[in-house]
Amino acid sequence: MEAFVHFLQDNLLMIYSVTFAVFLGFELISKVPTVIHTPLMSGANAISGVVIIGAILLIRQTPSDDYAMLAFGFLGVILGMTNVVGGFAVTDRMLEMFKKKK
Amino acid sequence: MEAFVHFLQDNLLMIYSVTFAVFLGFELISKVPTVIHTPLMSGANAISGVVIIGAILLIRQTPSDDYAMLAFGFLGVILGMTNVVGGFAVTDRMLEMFKKKK
Amino acid sequence: MNSIWFDIIYFAGVLLFIVGLQRLGHPASARRGNLMAAAGMGISILASIFYPMEGSHGNYLWIFAGMGIGAVIGWLAAKRVQMTAMPQLVSLFNGLGGACAVVISLVQLIGAEQGATPMSQAELGTILLTLLVGSVAFTGSLIAWAKLDGRLKDNALVPPFPTIFNMALLLISLGLVIFMAVQGEVSMMWMGILLAISLVYGVTFVSPIGGADMPVVISLLNSFTGLTAALAGLIYSNQVMLMGGILVGSSGTILTVLMCQAMNRSLWNVIVGSFGASGGSGGGAASDGEQVAKELSKTDAAILLAYSSSVVIVPGYGLAVAQAQRACRDLDNELTARGVDVSYAIHPVAGRMPGHMNVLLAEVDVPYEKLMDLEQANNALPNTDVVIVVGANDVVNPSARTDTSSPIYGMPILNVDEAGKVLVMKRSMRPGYAGVQNPLFFHKKTHMLFGDAKKTLQELLEATKVGV
Amino acid sequence: MNSIWFDIIYFAGVLLFIVGLQRLGHPASARRGNLMAAAGMGISILASIFYPMEGSHGNYLWIFAGMGIGAVIGWLAAKRVQMTAMPQLVSLFNGLGGACAVVISLVQLIGAEQGATPMSQAELGTILLTLLVGSVAFTGSLIAWAKLDGRLKDNALVPPFPTIFNMALLLISLGLVIFMAVQGEVSMMWMGILLAISLVYGVTFVSPIGGADMPVVISLLNSFTGLTAALAGLIYSNQVMLMGGILVGSSGTILTVLMCQAMNRSLWNVIVGSFGASGGSGGGAASDGEQVAKELSKTDAAILLAYSSSVVIVPGYGLAVAQAQRACRDLDNELTARGVDVSYAIHPVAGRMPGHMNVLLAEVDVPYEKLMDLEQANNALPNTDVVIVVGANDVVNPSARTDTSSPIYGMPILNVDEAGKVLVMKRSMRPGYAGVQNPLFFHKKTHMLFGDAKKTLQELLEATKVGV
Ligand SMILES: NC(=O)c1ccc[n+]([C@@H]2O[C@H](COP(=O)([O-])OP(=O)(O)OC[C@H]3O[C@@H](n4cnc5c(N)ncnc54)[C@H](OP(=O)(O)O)[C@@H]3O)[C@@H](O)[C@H]2O)c1
Ligand SMILES: NC(=O)c1ccc[n+]([C@@H]2O[C@H](COP(=O)([O-])OP(=O)(O)OC[C@H]3O[C@@H](n4cnc5c(N)ncnc54)[C@H](OP(=O)(O)O)[C@@H]3O)[C@@H](O)[C@H]2O)c1
């Protein structure tokens, strides 16, 4: 309980901004037309690749001779980067078709 | 400059939450039907009466024998409370009419 | 008690504001939304009264007395006001909110001047900005109220070269704020000057704008009040004031823009443009000398109506002016009793505020099913026998469809000229809000019934009852 | 350099994500929105590489090498994939994102076990949750990919009593997270068990869901990946991961709900319900013994088409299965050359993903003007001579209008039965996705053209060219 109260006190503004972000995510998407669902999903998926930053920070923290950990981090960066680049690229390809129609 | 950097550093999360609140305000309202404009304006006006909290805090901070300041704060509370109560009440009356139609 | 619990209540208050605003945006849930926002306000105010505070002097009596008085005033005003006077009242309330912010910032500044509360430059700047914006919201809202309430003529209190004049005032007051903030010290004199200029600016900002544009102005001033609440929240490091104020500030801004869009105008055009001010009063007369508007006697009109099978009523600003909603409903009842199919076509910007016509017709219990929105109406009009235009003008002006030079060009209108016959009730040939002539009045299908709308409707009712 | 500058870049990255998502929601601005989000990602990644960090060991070579490899793989995969295989690819990418989170959390946990990085209970719990959700997103996405790619049958890998089984796995894994977090210590064994259970749960969560529901599942798993990114952001106190992840998490959730609504189903029904799994494969046959579906020869059909003045083509999932878009376009060209007015009616949920039909038709350059949405089509259909239904079924099923017991009751459909004649191309009398019989096939206006859609269309084209 004590710890929880402390946590709230220290992170009040973070709680505000996270809550607002949740509402914002809802509101942004709540009225999109059906035809845009798939590209939107794909674009959101690419954004979720932001987790790659975790892998980058991991590598930076790892001592340069701890090869096992570095290999792990390296794998993480490859996975994340594939998600990011592939995700945005495939979304762009999907959307190309909408543009053509204008 | 120095001060500005310091300000940013200390208030980063507040800046996030304020920015999100701005976006949220926009998104919440951006697609409302015309017929709801007036009650919405009225409701938002009532919410802006939240400034009354400033007057309340002011009174609480003022020494109990500083009558001039207390009178000022008192005036502020009256003004703010009129805005709040009147605002929500008049909005409710406007919206009563929408309900009748259902 | 640990202050975190009160912070949680503030947080809940903010959430209630957000969800309340969201609900307010949909007619079906709007009332609940308003109540939710009110609940959020209630708990936030309570939390602020009991929030643990070092060096609190209590003074609860002052607080509760003030709240009690304000609540009673607000409640009575809200419950007693006429439906049609509601926009004014909202404006008045908004002005009070602005005044509250002015009072707060003045007290803070006086405290700083007496050296009671030391302040950083940033804090001082914030307080001065609160004073500035609050003052503008205060006097601006009062002017808007006076105009809507018919207490102030459209061209009263207008400074010479209003646009330049206002720009100058704005720059001077902003300059003063920066100057004082950089100085880091409060002088009573400079503070007084800033206050005076800000109050004047509020007046001259609103006075050149036409009375009919006041709803837009109120919405704009409302977002100003929101901004002051947010600034005050910064001063007190109070989250609920800050976030609530920001939400109102941004949603008020976008609402203002939406209102302008609904009239097919830009915000800039509303603030600077003057056609709102000239409309309605401008001379006009039947400018096109060759065209003639045909009149019709009340008896003939009554016969026409009684023998038609479908009638659509198009209400406009004139209905509100003449307070003819009851008479309109009576005629509707009579015709319906005779087997005529009567419905109403509501243009989104008919009248002077969004939903104006809905409000008036709801007042006399016109059932919801009889109301058609723009799209429904335009689908129904080609199959309608007679259209009665009751004090509407711009919203049925066909030149919006065709005349690219018209100020209302591009605004979607009710295509009443597609119906069989059109009866137009107005007092003269003067133009409406936008100040443009209406070719509908010279259309071969159109007949005019001149006179006050209420009187005309009552006479028509008589004629229908007696004559036919 | 002061870290605040990098924080500002992170902030800009978050803003670009928000504005990008907003733009992505409107077809006209979606492409720009995607690019904005990509730009936000680019600057955020760069900022994270150079963010001032105490005790950074650099290792830039590892970072850039990994980024290079990942970028090439992602780019090639995105550019080479067939249009129709895009949903699979998105699922695969999503799985990789989940895997990345798994790798990160594993390394953190191993570090904690070796005592390198001391951790609070809250931190430990957050990391374990990242591991759990990331693993589910990883294997779940792989299963979704395999199903969409036709590599996994609908009923493969389904555990006994799937709903109970999955509920149990979920509770066990959550229990493990809490248990380990409260202990405050990492043991390799428990960590291994949690990882294994989470990975299995991902498989068994998705495997009972029908292949046709995969778009919904992918969207859901995508919001899971967003959640892991946010959790990882908490671990690193990194704002852009936190906020970006939250945004994806919440918008992904609401998108999932919207997708379900478009099919007139609930999310719960998609996850637990099995009609998605049985549809399409179920027996069916012409259940109603008394009704007979009429067939038509290709030659007769060709004559009918050539002499009609307006033809509407309704594509459905069968068009995608048969890859008949080119054949469809060819017939369209031939008919148009003969003066027939040909257009396409696109139901919002035709096919197996939103926009599926638009994608296929765009691939063969059907001009935008020829496409009608649901509303336009239903206005045009009463004046249409012949409708060709190419492998669509549920979206033209009239029982959605009338039969309250039907699982698709209430879904708006294309009212093809209001046109003059209806030609239906499919291979058998088997039902479509929803597994319900379609009375349209027995309608007096309907004639069936049995066979693979591509072959049928090609034969029709021949018959039109030669025969008439
Ligand atoms: N709804 C909103 O939110 C809003 C807000 C601001 C501005 N506007 C603007 O207001 C206009 C609304 O159009 P509208 O067609 O409703 O009104 P309008 O174009 O302003 O015309 C009103 C007409 O009513 C007549 N009238 C006035 N008093 C009357 C009385 N006692 N009896 C009979 N007739 C009377 C006037 O003609 P006589 O003088 O000849 O009688 C006038 O032509 C639009 O241009 C819109 O853009 C709307
Ligand atoms: N769009 C989305 O986002 C989405 C996502 C998930 C689910 N859904 C659901 O999917 C359904 C879509 O409806 P729909 O009308 O497009 O498809 P459908 O109802 O699934 O019917 C497709 C029809 O195509 C026929 N077919 C299959 N292969 C064929 C071939 N090679 N040649 C000719 N015909 C072939 C099948 O009949 P035969 O087997 O007799 O040939 C089947 O009846 C809706 O129920 C919707 O709710 C949509």
Side-chain angles (χ1 to χ4, degrees), chain B residues 1-54 57 83-84 87-88 91-92 94-102, chain D residues 1-30 33 36-37 40 43-44 47-48 51-54 226 229-230 233-255 258 261:
Chain B
M1 197 62 211
E2 192 70 345
F4 180 67
V5 167
H6 261 293
F7 173 79
L8 287 185
Q9 250 161 345
D10 294 345
N11 295 289
L12 197 61
L13 274 168
M14 197 187 70
I15 296 173
Y16 269 97
S17 45
V18 166
T19 313
F20 287 179
V22 170
F23 272 99
L24 198 51
F26 269 73
E27 284 297 320
L28 283 174
I29 305 306
S30 62
K31 273 165 199 158
V32 297
T34 323
V35 62
I36 210 83
H37 283 178
T38 307
L40 190 56
M41 175 175 89
S42 179
N45 166 51
I47 294 179
S48 73
V50 73
V51 72
I52 189 188
I53 290 182
L57 297 179
N83 184 3
V84 168
F88 284 118
T91 312
D92 192 62
M94 287 182 193
L95 290 170
E96 224 169 344
M97 289 170 309
F98 285 95
K99 223 181 157 192
K100 212 189 267 172
K101 293 180 223 156
K102 282 284 134 66
Chain D
M1 208 147 131
N2 194 315
S3 71
I4 188 71
W5 304 115
F6 293 89
D7 285 322
I8 293 177
I9 297 183
Y10 280 162
F11 182 67
V14 173
L15 287 191
L16 283 169
F17 287 165
I18 294 177
V19 180
L21 271 177
Q22 189 182 39
R23 297 276 156 89
L24 263 170
H26 306 277
S29 61
M36 292 176 83
I43 61 173
S44 303
S48 76
Y51 198 100
M53 180 164 143
E54 248 180 87
L234 279 180
I235 303 175
Y236 289 98
S237 322
N238 182 295
Q239 297 303 329
V240 72
M241 285 170 80
L242 176 60
M243 299 305 172
I246 294 279
L247 283 171
V248 173
S250 74
S251 60
T253 307
I254 191 85
L255 185 59
L258 288 179
Q261 277 175 0

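These numbers come from the heavy atoms of this one structure, side chains and all, not from hydrogens, waters or symmetry mates. Predicted, not measured: the structure shown is a model, and the values here were computed from it.
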Sub-4.5 Å side-chain heavy-atom contact between D:Ile4 and B:His6: no

Test item: D:Asp7 and B:Leu8 side chains (from C-beta on) under 4.5 Å apart, heavy atoms: no

Atom group of B:Leu13 that falls short of 4.5 Å from chain D, counting heavy atoms: side chain

From D:Ile18 atom CD1 to B:Phe20 atom CZ, the distance as rounded to the nearest 0.5 Å: 4.5 Å

B:Ile15 CD1 to D:Gln239 CD distance, which is reported to the nearest 0.5 Å: 11.0 Å

Under 4.5 Å from a heavy atom of chain D, the part of B:Tyr16 involved: both

Which atoms of B:Leu12 approach chain D - backbone, side chain, both or neither, heavy atom under 4.5 Å: side chain

